[in-house]
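Below, chain A is the first sequence line, B the second, and so on; all start at residue 1. Scope of the values below: all heavy atoms of this structure, side chains included, with no hydrogens, waters or symmetry mates. Being a predicted model, the structure only gives us computed values, none of them experimental.
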Amino acid sequence: MKDITKMSDDFDRWYTDVVRKAELADWSGVRGMMVVRPYGWAMWEAIQRAFDDMIKESGHENWAFPLLIPRELLVKEAEHIEGFGPEVAWVTKAGAAMEELEEPLAVRPTSETIIGHIIRRYIQSHRDLPKLTNQWNSVVRWEMRSRLFLRSREFWWQEGHTFHASAKEAIEEADLILGYYRSVAEDWLAVPVLVGKKSPAETFPGAVHTLTLEGLMRDGLALQMGTSHYFGQNFARAYDISFSNKDNERELCYSTSWGISTRMVGAIVMAHGDDSGLIVPPKVAPVQVVVVPIFRDDASRAKVEAFINQWSPQLKQHGIRFRVDWRDERPGDKYAHWELKGVPLRLNVGARDVDAAQVELVDRLSRERRALLVSGIATALTSELERFQKRLFERAQEYQRANTVELGTLDEVVSHFRSRGGFAWVEWCGDEAEEARLKADSGGVTIRTIDEHAKPSGKCFVCGQPAKYRVALAKAY
RNA sequence: CGGGGAGUAGCGCAGCCCGGUAGCGCACUUGACUGGGGGUCAAGUGGUCGCGGGUUCAAAUCCCGCCUCCCCGACCA
């Protein structure tokens with residue numbers, strides 16, 4: 001409990017310590033396969049609810065598509081299979097005798113191919129469009145190196161797949177979802193993000209363009225927190241997904257796909273945590289308020305318990321997720337325990353407080369203690385939670401601001417990232433060879449996103465020719 | 001997937017070189033004292049020594065194969 005590695009000593013160990021000791025997740029014993037424990041899964045459930053509500057509101061429907069994909073289907077879209085080929089796991093045998101299958105089945109690394117193949121049945125007319133599908137599932141990618149939540153061979157996500165009658169509508173769909181993702185990251189997780197387009201080198205295999213959101217973690221590395229892809233007619237062509245348009249002509253659909261994953265939970269850890277453990281944004285916190293009763297004998301325990309019972313039902317009525325920690329531990333242990341778990345607000349309640357009709361409120365960010373009268377406590381805590389959410393976001397914003405710079409040349413970029421992390425904005429001509437050179441020369445700095453709204457007026461940071469794009473650079477997970 | 005290290009109680013480790021009763025700290029259980037920031041004392045529980053095979057009278061220890069984990073690199077939501 002006490003022995004989490006200090007963040008400043010070794011960020012990676014700190015991360016692993018926090019994830020495991022705060023009981024978010026664990027390794028399973030099968031290489032790269034993670035166990036998400038209830039406390040971590042509860043955060044994912046909060047994210048799921050938030051995003052699911054958003055997409056339902058705009059007419060999306062949840063489906064369940066198959067786990068296994070025939071090889072012939074997977075390989076139809078050339079770029080797609082080229083991109084995913086190296087990390088696909090195959091089922092080649094079945095039954096007690098392990099008989100060889102006639103056709104190997106891929107365990108889905110993502111479902112564009114199988115959904116494309118299936119959805120074409122349900123699309124005949126422009127009246128069947130748009131078809132807005134989503135599924136909550138897990139996928140398998142045969143990664144060589146794994147980290148809890150950030151890179152495991154199986155991970156949980158949602159994958160949305162939509163089909164439209166026009167390019168414009170599909171492009172708007174990808175934009176709409178990106179906006180939802182931004183809201184999940186900023187409004188729910190309190191992690192400020194850069195949003196924009198990926199460079200060609202980082203674009204999803206088979207996509208026309210990929211939109212991304214990039215958060216900044218406390219070790220200065222960027223984390224891709226979600227992507228939304230516009231496919232044009234690429235997948236519709238490969239899987240023959242067409243419809244009769246208003247002029248009764250056959251036309252290929254325009255499609256999109258988009259996903260956010262349990263990686264989001266890793267982002268919460270790395271964007272907000274400190275040497276004492278997690279700090280969980282109230283909106284996704286499994287426990288928002290923890291009550292630590294303080295007593296020394298049966299009589300004082302009864303007194304404190306009766307007091308807590310007076311006002312705690314109000315918290316429930318106000319929808320506050322709270323817990324009273326009656327475990328037989330000392331208060332100091334409980335404080336440390338709930339700090340490790342990142343619970344935003346703690347109420348210490350002892351006999352003195354009972355007499356004063358108040359509780360002692362301690363928040364996870366400042367750790368300051370102050371008295372809070374129990375009259376109107378639920379309303380007060382609700383606004384404290386809102387304020388906590390806001391403070392956490394502002395703190396992360398300030399961190400992002402303090403770790404974002406503007407640079408002019410490749411030399412500056414290389415030397416800057418030798419000693420620091422964070423984001424660096426530069427202007428770029430768009431040449432892909434230069435993007436590769438950036439990565440090689442700088443030891444892994446990549447273009448995280450392109451600012452779609454900026455109109456560059458300067459020179460490319462690599463070649464000095466007139467720039468076309470303003471791009472954010474960072475080292476990333 | 002390359003290079004290095006490791007697997008012995010829930011966690012951290014010693015024992016292995018030189019084969020012969022499986023140990024230590026923390027945690028856990030019970031009790032007493034204690035209780036507003038990580039307690040004290042006492043008595044206890046807990047082990048297919050990662051898995052499979054081999055050598056041997058005898059294997060945690062020696063040999064072979066496999067699995068898993070950690071660190072460093074190349075690839076990645």
Side-chain angles (χ1 to χ4, degrees), chain A residues 1-5 10 12-13 16-17 20-21 23 26-34 82-88 108-111 137-159 181 198 201-205 207 210 212-215 222-229 257-267 276-277 292-298 300-301 304 327-340 346-356 358-362 367 369 371 439-440 443-444 446 476-477:
Chain A
M1 206 72 90
K2 310 162 194 175
D3 39 17
I4 50 178
T5 307
D10 185 335
D12 294 351
R13 278 188 195 278
T16 306
D17 284 352
R20 300 179 76 147
K21 292 185 171 146
E23 303 180 324
D26 223 332
W27 290 119
S28 64
V30 182
R31 192 188 188 81
M33 295 288 181
M34 144 171 105
E82 200 189 319
F84 279 101
E87 48 192 70
V88 173
R108 63 184 168 214
T110 177
S111 305
N137 62 2
S138 69
V139 290
V140 168
R141 297 183 187 176
W142 215 248
E143 303 289 350
M144 291 310 157
R145 199 168 167 178
S146 23
R147 295 196 67 191
L148 291 165
F149 288 117
L150 305 182
R151 182 161 301 104
S152 48
R153 283 184 169 174
E154 179 184 25
F155 61 87
W156 290 264
W157 74 344
Q158 57 68 219
E159 45 177 325
Y181 285 165
K198 280 293 190 190
E202 302 259 335
T203 295
F204 184 84
T210 289
T212 182
L213 49 158
E214 303 279 328
L223 182 70
Q224 180 174 306
M225 293 171 63
T227 47
S228 179
H229 316 288
S257 85
W258 24 273
I260 50 173
S261 72
T262 39
R263 178 177 259 200
M264 286 281 192
V265 180
S276 300
V292 176
I294 297 156
F295 53 88
R296 59 185 73 211
D297 50 33
D298 285 350
S300 60
R301 180 189 156 122
V304 168
R327 290 175 309 150
D328 186 19
E329 304 281 347
R330 301 169 73 81
D333 286 299
K334 297 183 184 178
Y335 298 166
H337 179 254
W338 295 109
E339 280 172 10
L340 170 61
R346 188 178 77 234
L347 306 178
N348 302 337
V349 185
R352 296 205 295 260
D353 302 298
V354 177
D355 295 337
Q358 65 178 38
V359 297
E360 185 177 73
L361 170 67
V362 188
R367 283 197 175 86
R369 296 154 180 253
K439 193 171 178 180
T446 50
Y477 275 94

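- In this structure, a donor-acceptor pair under 3.5 Å is absent between the side chains of A:Glu339 and A:Ser276.
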N/O-N/O pairs, protein side and nucleotides 69-75 of chain B side, under 3.5 Å:
{"residue": "B:C69", "atom": "OP1", "partner": "A:Gly32", "partner atom": "N", "Å": "3.3"}
{"residue": "B:C69", "atom": "OP2", "partner": "A:Arg31", "partner atom": "NH1", "Å": "3.2"}
{"residue": "B:C70", "atom": "OP1", "partner": "A:Trp27", "partner atom": "NE1", "Å": "3.2"}
{"residue": "B:C72", "atom": "OP2", "partner": "A:Arg145", "partner atom": "NH2", "Å": "2.8"}
{"residue": "B:G73", "atom": "N7", "partner": "A:Arg145", "partner atom": "NH1", "Å": "3.4"}

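- Side-chain proximity of A:Asp333 to B:G39, B:G36, B:A77: nearest is B:G39.
- Look at A:Arg330 and you'll find a side-chain N or O under 4.0 angstrom from OP1 or OP2 of B:G39.
- A 3.5 Å limit on both hydrogen-bonding distances identifies B:C28 as the Watson-Crick or G-U partner of B:G44.
- Residues passing the side-chain hydrogen bond (donor to acceptor under 3.5 Å, both in side chains) test with A:Thr210, sequence neighbours excluded: A:His229.
- Under the side-chain hydrogen bond (donor to acceptor under 3.5 Å, both in side chains) criterion, A:Thr446 pairs with A:Arg448, sequence neighbours left out.
- Pairing of B:G73, defined by two Watson-Crick or G-U wobble distances under 3.5 Å, is identified with B:C1.
- A:Gln224 meets the side-chain hydrogen bond (donor to acceptor under 3.5 Å, both in side chains) test with A:Lys198; sequence neighbours excluded.
- Across all strands shown, B:C13 forms a Watson-Crick or G-U wobble pair with B:G23, both key distances being under 3.5 Å.
- Applying the ring pair (Phe, Tyr, Trp, His ring centres under 6.0 Å) test to A:Tyr181 and every residue at least two apart in sequence or in another chain returns A:Phe51.
- Across all strands shown, B:U68 is found opposite B:A6 as a Watson-Crick or G-U wobble partner, with both distances under 3.5 Å.
- B:G36 is unpaired under the Watson-Crick or G-U wobble criterion, no partner having all donor-acceptor distances under 3.5 Å.
- Using a 4.0 Å heavy-atom cutoff across all strands shown, A:Tyr477 reaches no nucleic acid atom at all.
- Stacking of A:Trp157 onto the six-membered ring of B:A77 is not present when judged by under 5.5 angstrom between centres and under 30° between planes.
- The pairing partner recorded for B:C18 is none, the criterion being a Watson-Crick or G-U wobble arrangement whose two distances lie under 3.5 angstrom.
- Residues passing the side-chain hydrogen bond (donor to acceptor under 3.5 Å, both in side chains) test with A:Glu87: none are found, sequence neighbours excluded.
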